[in-house]
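Here the structure is a predicted model, which is why all the values come from computation and not from measurement. Throughout, numbering of the chain's residues begins at 1 and tracks the sequence.
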Amino acid sequence: MLRYCCIRGKQSIASLLELQKTCSSTGYSTLDGHHHSHRHDQTSVSSTSEDINADMERIFGSPVSTPDSFSSSPTASGMPESSSSSSSSSVAGSRQLTHTDPDTGKATMVDVSHKLSTARSATATAKVILGKEAFQLVHDNHVSKKGDVLTVSQLAGIMGAKQTSQLIPLCHPILLSDVSVSLTLDEDALSVGIWAQATTVGPTGVEMEALTAASVAALTVYDMCKAASKMIEITDIRLVEKKGGKSGHWKRRHL
């Protein structure tokens with residue numbers, strides 16, 4: 001009886017009271033939990049079942065068919081199996097190393113001939129921890145006979161971005177629209193912060209160009225300061241933002 005009520009959904013209080021009265025008069029278990037055994041033979045039990053069904057149809061109407069969503073076979077937890085897991089699996093399974101041939105496993109260059117040329121940009125950063133002595137020398141511009149550390153490193157970063165395809169074997173030669181590199185002194189951290197951005201209009205992104213610019217600028221700072229300290233560290237080389245292309249806009253949340 002309870003399963004029947006669940007299928008029908010919410011019922012009015014008046015209908016439930018009427019059902020209870022009907023159950024009491026026919027001699028079977030009522031809603032209050034009491035059992036009335038007026039009939040004992042098998043024929044009477046069968047008749048009582050028919051009476052119950054007739055009474056319930058009279059009060060609630062004919063039973064409705066179970067929706068398809070309820071007919072799904074339950075999982076071990078008792079709930080219908082969700083399609084999210086299979087969806088997640090298909091998404092995860094679709095990702096692969098783009099520079100690796102899926103059949104042979106050998107390195108390969110990505111064919112971008114079918115891609116549209118769109119505006120793209122990427123931003124990367126790096127950090128060079130100098131230490132107290134080297135930082136003071138850079139700050140006072142007395143660190144090297146080679147010239148201004150920050151200016152030379154800035155130019156090196158720009159030149160490095162333009163040579164990315166010569167340094168990274170499977171990178172495409174890209175016609176860069178612009179490369180910007182800036183270096184700032186952080187007195188609290190005794191370090192040089194490096195910011196690099198590359199832009200282009202083409203069929204592939206410029207993440208590697210931005211990362212190369214930041215990396216080469218950091219290496220140049222190291223080269224020009226290594227005479228003052230061997231404890232210099234290059235750290236935090238990472239992509240922080242990219243725009244354009246199939247994957248759209250992406251930005252690192254925590255820097």
Side-chain angles (χ1 to χ4, degrees), residues 97-99 109-110 112 115 117-131 134-135 137-141 143-144 146-229 231-255:
L97 297 177
T98 57
H99 290 285
M109 197 168 189
V110 177
V112 297
K115 294 185 177 182
S117 292
T118 59
R120 302 165 185 263
S121 68
T123 304
T125 60
K127 184 178 182 180
V128 184
I129 302 174
L130 298 174
F135 179 85
L137 290 172
V138 173
H139 181 273
D140 296 338
N141 199 22
V143 68
S144 174
K146 298 179 182 180
D148 181 359
V149 173
L150 301 185
T151 301
V152 174
S153 299
Q154 178 190 27
L155 294 174
I158 295 172
M159 294 177 65
K162 295 190 290 184
Q163 298 298 319
T164 300
S165 63
Q166 301 296 318
L167 300 171
I168 312 298
L170 300 177
C171 280
H172 294 84
I174 293 178
L175 182 62
L176 292 169
S177 302
D178 182 48
V179 178
S180 299
V181 178
S182 64
L183 293 87
T184 57
L185 294 174
D186 185 341
E187 189 170 358
D188 293 332
L190 299 175
S191 65
V192 177
I194 301 170
W195 176 93
Q197 184 179 73
T199 61
T200 188
V201 176
T204 189
V206 285
E207 292 94 329
M208 294 308 302
E209 283 69 21
L211 286 164
T212 300
S215 299
V216 172
L219 286 169
T220 305
V221 172
Y222 186 97
D223 175 59
M224 298 187 70
C225 298
K226 65 181 186 292
S229 173
M231 298 297 292
I232 299 172
E233 296 181 39
I234 297 176
T235 185
D236 296 345
I237 299 175
R238 55 194 177 188
L239 182 73
V240 296
E241 187 175 15
K242 58 88 57 184
K243 296 179 181 179
K246 183 178 180 180
S247 60
H249 184 204
W250 176 88
K251 187 174 184 178
R252 188 179 295 274
R253 294 183 179 180
H254 304 291
L255 300 178

Between L167 and P169 the two heavy atoms that sit nearest each other are O-CD, 3.6 Å

Rounded to the nearest 0.5 angstrom, the NZ-CZ distance for K127 and R238 is 9.0 Å

The reported gap from CG in D148 to CG in L183 (rounded to nearest 0.5 angstrom) is 9.5 Å

Sorted by chain and residue number, the side chain to side chain donor-acceptor pair (under 3.5 Å) partners of K242 (sequence neighbours excluded) come out as S247

Looking only at atom types and distance, does a side-chain atom of S153 sit under 3.5 Å from a main-chain N or O of L150, one as donor and one as acceptor?
no

To the nearest 0.5 Å, atom NZ of K243 lies from atom NE2 of H249 at 5.0 Å

query: Distance-only, no hydrogens or angles: does the T200 side chain make a donor-acceptor pair with backbone N or O of L175 under 3.5 Å?
result: yes

Closest non-hydrogen atoms of G157 and V181, given as atom of the first, atom of the second and distance, are C-CG2, 4.0 Å

Rounding to 0.5 Å, atoms CD1 (I194) and OG (S182) come to a distance of 9.0 Å

Without swapping roles, check the side chain of K162 against the backbone of M159 for a donor-acceptor pair under 3.5 Å.
-> no

Just do the side chain to side chain contact (heavy atoms under 4.5 Å, CB included) check on V221 and L130 with the steps written out, would you?
CA-CA 9 Å; V221 172; L130 298 174; 4.0 Å; yes

If we only count heavy atoms from C-beta on, is the C225 to F135 side-chain gap below 4.5 Å?
no

task = Give the intermediate values and the outcome of side chain to side chain contact (heavy atoms under 4.5 Å, CB included) for residues I234 and L219.
result = CA-CA 8 Å; I234 297 176; L219 286 169; 3.8 Å; yes

Between A210 and A122, the two heavy atoms sitting closest are CB-O, 3.5 Å

The side-chain contact (heavy atoms from CB on, under 4.5 Å) partner of E207 among L239, T212, T164 is L239

Side chains of L155 and T220: closer than 4.5 Å at any heavy-atom pair?
no

When every non-hydrogen atom of T125 is compared with those of W195, the smallest separation belongs to CG2-CD1, 4.2 Å

Nearest heavy-atom approach of V179 to I158 is CG1-CA, 4.0 Å

Note: A198 and E209 closest approach over all heavy atoms is CB-CB, 3.9 Å

Sequence neighbours excluded, the answer for side chain to side chain donor-acceptor pair (under 3.5 Å) partners of Q154 is none

Side chain to side chain contact (heavy atoms under 4.5 Å, CB included) for V206 and T199? Distances and angles first, verdict last. CA-CA 7 Å; V206 285; T199 61; 5.7 Å; no

| Do V192 and L185 have side chains that get closer than 4.5 Å, going by heavy atoms? | yes

Here the gap from E241 atom CD to T123 atom OG1, rounded to the nearest 0.5 Å, amounts to 5.5 Å

